[in-house]
Visitor: 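Encoded as structure tokens, here's the structure I'll be asking about.
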Amino acid sequence: MNDEFKQKVYTLIGAIPEGNVATYGQIAKLAGAPRHARAVGYLLKHLPNDSSLPWHRVINSQGKISFPVDSDKFNSQALKLKAEGVVSLNGRVSLKKYLWN
DNA sequence: CGCATGACGGCAA
DNA sequence: CTTGCCGCCATGC
């Protein structure tokens with residue numbers, strides 16, 4: 001994985017305004033690598049704790065959080081999204097909230 | 001180099 | 001709406 005890709009992904013995620021969300025696929029595509037949705041997931045997973053990126057605004061194409069519904073990760077992300085006005089009933093996000101569609 | 005894994009995506013049943 | 005399967009790709013062993 002090249003730095004170029006990383007940088008773009010980080011930039012794109014950082015560019016997501018509050019109240020909006022984007023999917024892994026969209027991020028990957030806009031980063032110039034259409035089939036790298038999983039690579040994006042990899043990057044987020046290995047994100048440094050001190051990173052200020054709004055990773056919680058990145059969800060999967062099903063409009064849901066990519067974590068088991070009862071996990072801690074899920075709860076924390078759902079909480080953040082809720083705090084930003086993104087309706088996430090049982091992990092679901094309104095389609096209107098997507099930034100790039 | 002081969003094989004398994006995963007914060008994914010799309011499609012069929 | 002729920003499952004299952006398969007394609008895709010970076011990583012780690």
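Note: hydrogens, waters and symmetry copies are ignored here, and every other heavy atom, side chains too, is used. Quick note on labels: first sequence line is chain A, next is B, and so on, each numbered from 1.
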Visitor: What about A:Leu30 and A:Ile59, same hydrophobic cluster or not, with Ile/Leu/Val/Met/Phe/Trp/Tyr joined at side-chain heavy-atom distances under 4.5 Å?
Guide: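 They do not share one cluster, since no chain of ILVMFWY contacts under 4.5 Å joins A:Leu30 to A:Ile59.
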
Visitor: Within this structure, what is the OG-CG distance for the pair A:Ser51 and A:Leu43, rounded to the nearest 0.5 Å?
Guide: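 Output value for this atom pair is 10.5 Å.
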
Visitor: Side-chain N or O of A:Thr23 versus OP1/OP2 of B:dC8: is the shortest distance under 4.0 Å?
Guide: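 A:Thr23 to B:dC8 OP1/OP2: no side-chain N or O under 4.0 Å.
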
Visitor: Indicate, with a heavy-atom threshold strictly under 4.0 Å, whether A:Phe67 touches base, sugar-phosphate, or nothing.
Guide: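 A:Phe67: base contact, heavy atoms under 4.0 Å.
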
Visitor: Could you please name the option among B:dG9, C:dT11, C:dC9 that lies closest to any side-chain atom of A:Arg38?
Guide: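 The closest nucleotide is C:dC9.
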
Visitor: What is the distance from NZ of A:Lys80 to P of B:dA7, rounded to the nearest Å?
Guide: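 About 18 Å, once rounded to whole Å.
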
Visitor: Between B:dC8 and A:Ser66, is there an OP1 or OP2 to side-chain N/O distance shorter than 4.0 Å?
Guide: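 For A:Ser66, the contact criterion (side-chain N or O under 4.0 Å from OP1 or OP2 of B:dC8) is met.
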
Visitor: Could you check how far CG of A:Asn2 sits from P of C:dA10, rounded to whole Å?
Guide: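 Answer to the nearest Å: 9 Å.
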
Visitor: Quick one: is C:dA10 close enough that its OP1 or OP2 comes under 4.0 Å of any side-chain N or O from A:His36?
Guide: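 Result: yes.
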
Visitor: Less than 4.0 angstrom from a charged side-chain N to a carboxylate O is my criterion; do A:Glu4 and A:Lys8 meet it?
Guide: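 Judged by the 4.0 Å cut-off on N to carboxylate O distance, A:Glu4 and A:Lys8 do form a salt bridge.
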
Visitor: Taking atom P of B:dA7 as reference, at what distance in whole Å does atom CG of A:Leu43 sit?
Guide: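 Between P of B:dA7 and CG of A:Leu43: 13 Å.
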
Visitor: Please state how far atom CZ in A:Arg57 lies from atom C1' in B:dA7, giving the value in whole angstrom units.
Guide: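 It is 17 Å, rounded to the nearest whole Å.
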
Visitor: Quickly work out the A:Lys73 NZ to B:dA7 P distance and round it to whole Å.
Guide: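 Checked: the NZ to P distance equals 7 Å.
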
Visitor: Using a 4.0 Å heavy-atom cut-off across all strands, classify A:Arg35 as base, sugar-phosphate, or nothing.
Guide: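 Sugar-phosphate, no base atom in range.
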
Visitor: Is a side-chain donor or acceptor of A:Thr11 paired with a backbone partner of A:Gln7 at a separation under 3.5 angstrom?
Guide: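 Judged by distance alone, yes, a pair lies under 3.5 Å.
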
Visitor: Please tell me which of the listed nucleotides, B:dC8, B:dA7, C:dA10, lies nearest to the side chain of A:Ala37?
Guide: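 It is B:dC8.
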
Visitor: Which heavy atom of A:Asn75 sits nearest a heavy atom of A:Asp70, and at what distance?
Guide: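 What the structure gives for the nearest pair is ND2-O, 3.7 Å.
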
Visitor: A:Ala39 or A:Gly25: which one's nearest nucleotide on DNA chain B is closer to the 5' end?
Guide: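 Mapping each residue to its closest nucleotide by heavy atoms, the 5'-most match is A:Ala39.
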
Visitor: Rounded to whole Å, please give me the gap between NE2 in A:His56 and P in B:dA7.
Guide: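 Taking atom P of B:dA7 as the reference, NE2 of A:His56 is at 19 Å.
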
Visitor: Is there a donor and acceptor pair, one atom on the side chain of A:Tyr24 and one on the base of B:dA7, closer than 3.5 Å?
Guide: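 When only heavy-atom distances are counted, A:Tyr24 does reach the base of B:dA7 through a donor-acceptor pair under 3.5 Å.
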
Visitor: To the nearest Å, how far apart are A:Met1 CE and B:dA7 P?
Guide: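 A:Met1 atom CE is separated from B:dA7 atom P by 14 Å.
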
Visitor: Expressed as a whole number of angstroms, how long is the span from A:His46:NE2 to B:dA7:P?
Guide: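 From A:His46 NE2 to B:dA7 P: 9 Å.
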
